[in-house]
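So the structure is just underneath, and the comments pick up after that.
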Amino acid sequence: MKKTVLAKPTKEIMQKAKELILSGEVVAMPTETVYGLSANAFDDEAIKKIFIAKGRPQDNPLIVHISSMEQLEKIAYVTPLAKKLAENLWPGPLTMVLKKKDCISEVVSGGLDTVGVRMPNHPVALELIETCGVPLPAPSANISGKPSPTKATHVLDDFDGKIDLIIDGGECEVGVESTVISIQEEHGDNNGEMLERITILRPGAITANDLLEYCDRVYVGNGVLNKLDENVKVQSPGMKYKHYAPNAQVIMLDGNFKEFCDYVYKNADENTGVLVFENEESMFEDIEYVYTYGKEDDSLSQANKLFDVLRQIDKNEKVNKIFARMPKKQGVGLAVYNRLLRACGFKIEKLKNPYIVGLTGQTGSGKSTVCKALRDRGVAIIDCDKISREVINKAEVLEKLADYFGTGIMYADGTLNRRELAILAFSEEENLIFLNSVMYPQITKVVKEQIKQLKENGENIIILDAPTLFESKANVLCDKTIAVIADKEVRLERIVKRDNITKQEGKIRMKAQHTNDFYTDRCDLVIENDGDLQSLEQKAVRVIDSIKQEIQEKAQI
Ligand code: TXA
Ligand code: MG
């Protein structure tokens with residue numbers, strides 16, 4: 001057990017830090033992002049002490065901190081874009097992954113042939129690197145998996161008795177770790193000009209927009225917003241490990257403040273806490289554990305507070321679940337979201353329900369034309385006719401129908417003779433009622449499953465294309481209902497052509513259908529089809545645009 005000293009960076013303390021590092025020990029130093037656990041880059045035994053103290057997997061490489069461009073050239077191959085970035089954005093919260101030179105051992109690089117390098121923008125860190133005269137690899141000074149330290153006391157919490165010295169440089173200015181990037185420089189196909197591209201492996205305070213000033217394109221690595229499969233080879237090993245999670249389970253709620261409050265009131269118990277934005281606390285007087293992390297519209301302030309508050313939550317043994325407000329993902333917000341997502345173990349609850357528009361009308365009215373026009377514009381459609389065709393082939397459904405209508409509705413191979421069933425079903429009202437009583441519950445079940453899936457995919461508007469919207473009572477699922485109607489003659493002509501049936505069969509089907517009034521009385525909106533398909537499509541698009549606007553206006557309130 002060591003005696004850990006936590007002290008301000010006086011002359012004596014900086015001298016002591018230098019002696020410790022040059023004699024192969026580990027020292028915690030402040031940087032503008034988070035505190036780092038530093039040691040001599042060229043002393044493998046010292047570097048191993050960092051891995052042991054943190055409990056860090058050996059394949060997770062360290063970021064090497066430097067204080068001059070000479071040091072950069074000494075440890076890595078510097079490409080033209082890397083040079084440009086270094087000159088413009090260093091010292092600062094940017095780590096570049098570059099091809100390493102031999103002086104950087106595999107202990108530092110985690111076995112990779114690259115090295116992450118950064119020049120921190122903190123006077124204490126820069127002075128320490130300079131006085132030691134060697135680059136200092138320094139991972140964040142936390143036990144692996146815990147939130148990174150933004151105060152010297154956080155480091156003490158994790159490493160008391162394990163390291164000799166923590167230099168106290170006050171609270172870290174940024175609060176989340178540096179942006180880690182890889183650089184791709186290739187000759188393009190056309191005139192061989194140099195394409196300069198950057199991939200963000202870990203987002204931080206240097207944003208995609210900041211980087212775009214110096215290159216053609218910036219990509220966001222696939223580990224930034226998504227959970228990576230354990231076995232996948234990743235560009236940045238750190239992205240695959242569990243991170244930042246406090247003991248309590250954190251769940252990010254994706255919705256506006258009102259939706260957040262409603263959800264919390266319905267789902268919180270006495271061991272539940274909330275993590276909200278500043279000035280929102282007063283809405284949670286009934287909740288005992290209320291934590292905040294910065295202002296809603298100020299991502300930097302969120303970055304600043306997040307790790308500290310996650311550490312506070314970790315210390316509270318009474319709270320076992322935390323509902324957290326979701327940060328914006330723009331700019332520095334992407335870094336905040338990325339860290340909170342990991343603290344949540346990727347658990348997000350979507351609160352926003354998609355807006356569901358029921359679309360109905362008689363057969364031949366032009367409903368399919370409307371749907372196609374909307375689908376072409378990217379609107380999600382649930383096709384109840386299609387679901388019905390799938391459901392009707394289920395063994396349990398076929399059995400019930402054959403019991404009632406007789407085996408004449410089946411072909412010899414046991415499959416359904418749809419035409420025969422249609423003739424029987426439409427010939428008497430009672431038959432149609434029976435058919436529907438078998439089909440509707442089955443269809444509704446599938447519709448609900450599809451809505452859930454589309455919600456998870458992030459759709460915020462869904463068209464429920466349902467010829468029997470009201471008969472099946474699926475209208476109760478809808479926020480708005482729309483009818484497509486057309487005159488009898490228009491409809492008859494369309495269905496005879498479409499289904500290749502006689503006029504007589506067409507008339508029988510139409511007789512079983514409702515009048516236009518049935519729809520105009522029940523629906524919120526009506527689209528009339530006068531036979532001109534182009535104008536029908538235009539009407540459909542106008543209606544959906546007005547619904548989109550309505551949704552947007554509601555969201556702003
Ligand atoms: O702001 C920061 O970067 C802080 C302060 C102390 O400078 N340091 C820090 O280090 O966050 P650490 O070790 O906690 O995180 C380093 C991240 C890890 O995700 C690691 O996998 C990635 O950078 N990394 C380091 N070297 C790499 C390399 N050669 N290739 C790909 N990723 C690398
Ligand atoms: Mg770390």
Side-chain angles (χ1 to χ4, degrees), residues 26-39 41 47 50-51 53-67 75-77 82 90-101 104-122 124-126 128-129 135-150 154-155 158 166-167 169 172-183 199-206 221 223-224 228 233-245 303 307 310 335 338-339 342-343:
V26 169
V27 170
M29 66 171 178
T31 83
E32 82 279 33
T33 56
V34 300
Y35 277 75
L37 220 48
S38 61
I47 302 297
I50 297 181
F51 280 89
K54 274 183 66 91
R56 181 177 176 109
Q58 283 173 2
D59 68 346
N60 194 3
L62 305 183
I63 293 174
V64 179
H65 296 66
I66 56 168
S67 61
I75 63 172
Y77 292 94
W90 278 356
L94 177 72
T95 296
M96 295 194 274
V97 172
L98 303 171
K99 196 159 178 345
K100 77 174 185 71
K101 289 193 175 163
I104 293 295
S105 80
E106 297 213 329
V107 183
V108 173
S109 75
L112 301 175
D113 60 1
T114 54
V115 60
V117 196
R118 116 174 167 90
M119 191 187 288
N121 188 17
H122 194 290
V124 175
L126 289 172
L128 188 62
I129 302 164
L136 301 180
S140 51
N142 52 280
I143 301 286
S144 259
K146 293 251 173 215
S148 295
T150 55
H154 294 161
V155 185
D158 283 9
I166 302 167
I167 308 174
C172 296
E173 196 188 324
V174 176
V176 290
E177 311 90 332
S178 61
T179 306
V180 179
I181 60 165
S182 65
I183 292 172
T199 303
I200 295 181
L201 306 177
R202 177 179 74 182
I206 300 280
V224 170
L228 294 173
K233 190 176 177 321
V234 292
Q235 286 172 301
S236 183
M239 279 292 154
K240 73 181 174 188
Y241 297 111
K242 189 175 169 221
H243 253 91
Y244 317 122
F307 286 144
L310 287 175
N338 168 275
R339 306 310 191 273
R342 277 160 179 77

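Read the numbers this way: they start at 1 and go in the same order the structure lists the ligands and their atoms.
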Looking at [X], which atoms of ligand 1 are within less than 4.0 Å of one of its heavy atoms?
X	answer
V180	23 (O)
L112	28 (C), 29 (N), 30 (N)
N60	18 (C), 20 (C), 21 (O)
V97	28 (C), 29 (N), 30 (N), 31 (C)
H65	5 (C), 6 (C), 7 (O)
T33	1 (O), 2 (C), 4 (C), 5 (C), 7 (O)

Inset, instruction - Carefully, step by step, assess R339 and E177 under the rule side-chain contact (heavy atoms from CB on, under 4.5 Å). - result: CA-CA 10 Å; R339 306 310 191 273; E177 311 90 332; 2.7 Å; yes
Closer than 3.5 angstrom, by distance alone: can the side chain of [X] be matched with the main-chain N or O of [Y] as a donor-acceptor pair?
X	Y	value
Y35	G169	yes
S140	N142	no
R202	S178	yes
R56	P61	yes

Legend entry - Minimum-distance pair of heavy atoms, taken over all atoms of S148 and F307: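 Looking at all heavy atoms of both residues, the shortest contact is O-CB, 3.3 Å.
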Legend entry - N/O separation below 3.5 Å, K54 to ligand 1: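 Checking ligand 1 against K54, no N or O pair falls under 3.5 Å apart.
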Legend entry - Contact (N/O only, under 3.5 Å) between E177 and ligand 1: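 There is no such contact.
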Inset, instruction - Assess S140: does it contribute an N, O or S atom lying under 2.8 Å from the Mg ion (ligand 2)? - result: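 Within the cut-off used here (under 2.8 Å), S140 does place an N, O or S atom near the Mg ion (ligand 2).
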For ligand 1, does [X] get within less than 4.0 Å through its side chain, its backbone, both, or neither, judged by non-hydrogen atoms?
X	answer
T114	both
H122	neither
A138	backbone
R202	side chain

Inset, instruction - Find out whether D158 and K54 are in side-chain contact, i.e. whether some heavy atom of one side chain is under 4.5 Å from a heavy atom of the other. - result: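 SC-SC contact between D158 and K54 ruled out.
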Legend entry - Side chain proximity check, T179 to P203, heavy atoms < 4.5 angstrom: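 The answer is no; the side chains never approach within 4.5 Å.
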Legend entry - Shortest heavy-atom approach to atom 33 (C) of ligand 1 - which of A76, G175, P61: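 Considering heavy atoms of A76, G175, P61, the nearest to atom 33 (C) of ligand 1 sits in P61.
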Legend entry - Note: E32-R118 ion pair, threshold 4.0 Å (strictly below):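 Answer for the salt bridge query: yes.
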